[in-house]
Amino acid sequence: MSTTDNQKGCLCDNGEYIVIACSGSCDLGQVTDLVARKLRVNKIRKMNCLAAVGADIKPTIEMFKTANLLLIDGCTVDCGKKILEKAGINNYKYMRITDLGYIKGQTPVTNEVIEIVYEKATVDY
Ligand code: SF4
């Protein structure tokens, strides 16, 4: 098996600038995931795991409370936002893909879409 970016080292980075994504199964969830990974690959933010918050992993939750955290949700169901708020994480930057005009279930996950959302994430957040 070849080594991909997803397999290089531990991905649960705990640097100061962190991105987490809802990584949902729909097109917009996929966009959140790919944009978060692109931010990591380009060393803009370190990617960490939203699932760790859902699993009540205390060190991750505490680290997120003090980090410069960006959460990317795909749609207005706001899964990531609800998970963070349930864990008492209230201080974070927030990006929702539908707010950028994309429609859930009708957005082809193309390089162009990823690039546009990525640029927003780097410039505005
Ligand atoms: S926020 Fe929307 S896209 Fe993301 S996991 Fe929830 S339902 Fe899916």
Side-chain angles (χ1 to χ4, degrees):
M1 187 160 64
S2 66
T3 301
T4 68
D5 286 332
N6 291 348
Q7 295 168 314
K8 287 178 192 162
C10 176
L11 303 179
C12 300
D13 290 319
N14 59 1
E16 190 179 331
Y17 284 77
I18 304 277
V19 60
I20 51 178
C22 79
S23 301
S25 63
C26 72
D27 45 9
L28 300 188
Q30 188 179 0
V31 169
T32 71
D33 192 78
L34 292 173
V35 168
R37 289 170 195 281
K38 190 172 173 97
L39 289 166
R40 179 186 67 201
V41 167
N42 291 335
K43 302 190 186 327
I44 306 295
R45 286 178 179 271
K46 293 181 174 179
M47 189 177 182
N48 209 297
C49 308
L50 176 64
V53 181
D56 198 28
I57 306 300
K58 300 289 187 207
T60 301
I61 291 170
E62 291 311 309
M63 187 267 288
F64 282 0
K65 285 179 179 173
T66 57
N68 181 313
L69 183 66
L70 169 63
L71 164 65
I72 311 176
D73 262 338
C75 73
T76 55
V77 178
D78 289 352
C79 296
K81 190 176 197 176
K82 287 170 182 164
I83 290 169
L84 292 193
E85 289 176 1
K86 214 171 161 184
I89 301 168
N90 301 305
N91 184 25
Y92 57 92
K93 300 175 193 306
Y94 188 65
M95 183 180 201
R96 188 192 289 122
I97 306 299
T98 49
D99 290 347
L100 305 178
Y102 296 105
I103 299 172
K104 187 175 175 178
Q106 298 179 36
T107 302
V109 183
T110 62
N111 287 338
E112 186 186 358
V113 170
I114 300 304
E115 190 58 34
I116 290 168
V117 177
Y118 169 81
E119 288 297 326
K120 286 290 268 181
T122 54
V123 173
D124 295 350
Y125 300 92

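Order of listing sets the numbers, starting from 1, for every ligand and every atom in it.
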Taking a hydrophobic cluster as the set of Ile, Leu, Val, Met, Phe, Trp and Tyr residues connected by side-chain heavy atoms closer than 4.5 Å, whether directly or through intermediates, do Leu100 and Val109 fall within one such cluster? yes
With rounding to the nearest 0.5 angstrom, report the CD1 to CG distance, Ile83 to Asp78. 11.0 Å
Please indicate how many protein N/O/S atoms are found closer than 2.8 Å to atom 2 (Fe) of ligand 1, with waters neither displayed nor included. 1
Is there a path of hydrophobic side-chain contacts, each under 4.5 Å between heavy atoms of I, L, V, M, F, W or Y residues, that connects Tyr102 with Val77? no
Donor-acceptor under 3.5 Å (Arg45 side chain, Asn68 main chain): yes
Side-chain heavy-atom pair Leu50, Leu84 within 4.5 angstrom cut-off: yes
Under 4.0 Å between a Lys/Arg side-chain N and an Asp/Glu carboxylate O for Glu62 and Lys65? yes
